[in-house]
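Data block below; observations after.
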Amino acid sequence: QVQLVESGGGLVQAGDSLRLSCAASRLAISLYAMGWFRQAPGKEREFVGAISRSGTSTRYRDSVKDRFTISRDNAKNTLYLQMNSLKPKDTAVYYCAASAVGNRYETPSVANSFNYWGQGTQVTVSS
């Protein structure tokens, strides 16, 4: 079965950086737009960012623009999220997801546009 496995989460201090990885198996990420979502305790899951199937388009939520960067390595079948200047409000479980959108330049941002999800990795940012 398809698996998306996130890693790289942890406990860091405000201002630190982390890089999350999402390794896919039984799914070629080159055929999918990929995204990151997060869910903080007691809150709804929210969109963080996405990268198109072509890899040439990205989209981010406003609060992470200029701090977070999504990238993909199709040869390694892995998605990344580089997070810089982390803030306590970034504390959440981070999930990667794959979307079978038809347009190779599309960057979906709605959760129900994504077909496959990982189990999540915890990111905790202390002040």
Side-chain angles (χ1 to χ4, degrees):
Q1 68 201 49
V2 169
Q3 278 194 313
L4 297 174
V5 180
E6 302 94 337
S7 61
L11 172 63
V12 297
Q13 294 188 329
D16 286 350
S17 297
L18 276 176
R19 188 175 82 154
L20 304 184
S21 299
C22 171
S25 58
R26 297 186 177 86
L27 175 148
I29 69 166
S30 60
L31 301 179
Y32 293 82
M34 301 296 293
W36 289 96
F37 288 75
R38 68 186 181 186
Q39 187 167 19
K43 295 191 176 181
E44 298 280 322
R45 187 173 298 192
E46 65 181 18
F47 171 76
V48 174
I51 185 167
S52 63
R53 183 156 52 95
S54 69
T56 57
S57 302
T58 55
R59 182 207 298 237
Y60 301 92
R61 70 180 299 106
D62 286 346
S63 62
V64 307
K65 280 180 183 175
D66 301 323
R67 297 190 298 123
F68 290 11
T69 303
I70 292 176
S71 61
R72 60 193 300 157
D73 186 334
N74 290 340
K76 294 183 177 180
N77 217 26
T78 301
L79 176 74
Y80 301 99
L81 181 66
Q82 177 67 42
M83 305 187 294
N84 299 329
S85 303
L86 282 161
K87 304 176 180 181
K89 66 180 180 179
D90 295 317
T91 294
V93 177
Y94 283 71
Y95 300 88
C96 70
S99 174
V101 292
N103 185 325
R104 66 193 304 264
Y105 302 106
E106 188 172 349
T107 51
S109 61
V110 177
N112 62 14
S113 296
F114 289 81
N115 308 93
Y116 301 101
W117 292 82
Q119 294 298 308
T121 185
Q122 176 70 47
V123 172
T124 303
V125 185
S126 64
S127 57

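Predicted model, so just to flag it, every value in this text is computed and none were measured. Quick note: numbers below take in every heavy atom, side chains included, and nothing from hydrogens, waters or symmetry partners.
Panel note: side chain N77, backbone A23; no donor-acceptor pair is recorded below 3.5 Å. Here the side chain of T78 pairs a donor or acceptor atom with the backbone of K76 at under 3.5 angstrom. Here the side chain of E6 pairs no donor or acceptor atom with the backbone of C22 at under 3.5 angstrom. Looking only at distances, a side-chain donor or acceptor of S126 sits under 3.5 Å from a matching main-chain atom of V12. Using a distance-only test at 3.5 Å, with no hydrogens or angles considered, no donor-acceptor pair links the side chain of R104 to the main chain of R53.
How far CZ of R61 is from CZ of F37: 10.0 Å, rounded to the nearest 0.5 Å. One distance of note links CG of L81 with CE of M34; it measures 11.5 Å at 0.5 Å rounding. Rounded to the nearest 0.5 angstrom, R38 CZ and K89 NZ are separated by 8.0 Å. Remark: Q82 CD to L20 CG distance equals 9.0 Å, nearest 0.5 Å.
Taking each heavy atom of D90 and S85 in turn, the nearest pair found is OD2-O, 4.5 Å. Y94 and M83 get closest at one heavy-atom pair: CE2-SD, 3.9 Å. Heavy-atom minimum distance, V101 versus E106: CB-OE1, 3.8 Å. Summarising the geometry of V125 relative to T91, their closest heavy-atom pair is N-OG1, 2.9 Å, with the distance given to 0.1 Å. Heavy-atom minimum distance, F114 versus S99: CD2-CB, 3.5 Å. Residue I70 comes nearest to A50 through the heavy atom pair CD1-N, 3.1 Å, listed as atom of the first residue, atom of the second, then distance.
Judged as a salt bridge (charged side-chain N to carboxylate O under 4.0 Å, His left out), and not counting sequence neighbours, the contacts of K65 are D62. Partners of R45 under the salt bridge (charged side-chain N to carboxylate O under 4.0 Å, His left out) rule, at least two apart in sequence or in another chain, do not exist in this structure. Remark: T124 engages Q122 in a side chain to side chain donor-acceptor pair (under 3.5 Å) (not counting sequence neighbours).
When ring centroids are compared, F68 and W36 stay outside the 6.0 Å threshold.
The environment of CD in Q119 is sparse: at most 12 heavy-atom neighbours from other residues, nucleotides or ligands sit within 6.0 Å.
At a threshold of 4.5 Å between non-hydrogen side-chain atoms, the residues Y60 and T69 count as touching.
Both L79 and V123 sit in one connected hydrophobic cluster of ILVMFWY residues. Membership requires side-chain heavy atoms under 4.5 Å apart, directly or through other members. Under the 4.5 Å side-chain heavy-atom criterion for ILVMFWY residues, a single connected hydrophobic cluster contains both V2 and Y32. In this structure, F47 is a member of the same hydrophobic cluster as Y95, with clusters built from ILVMFWY side-chain heavy atoms closer than 4.5 Å. A chain of hydrophobic side-chain contacts below 4.5 Å, direct or via other Ile, Leu, Val, Met, Phe, Trp or Tyr residues, connects V93 to W117. There is no path of hydrophobic side-chain contacts, each under 4.5 Å, that joins Y80 to V64.
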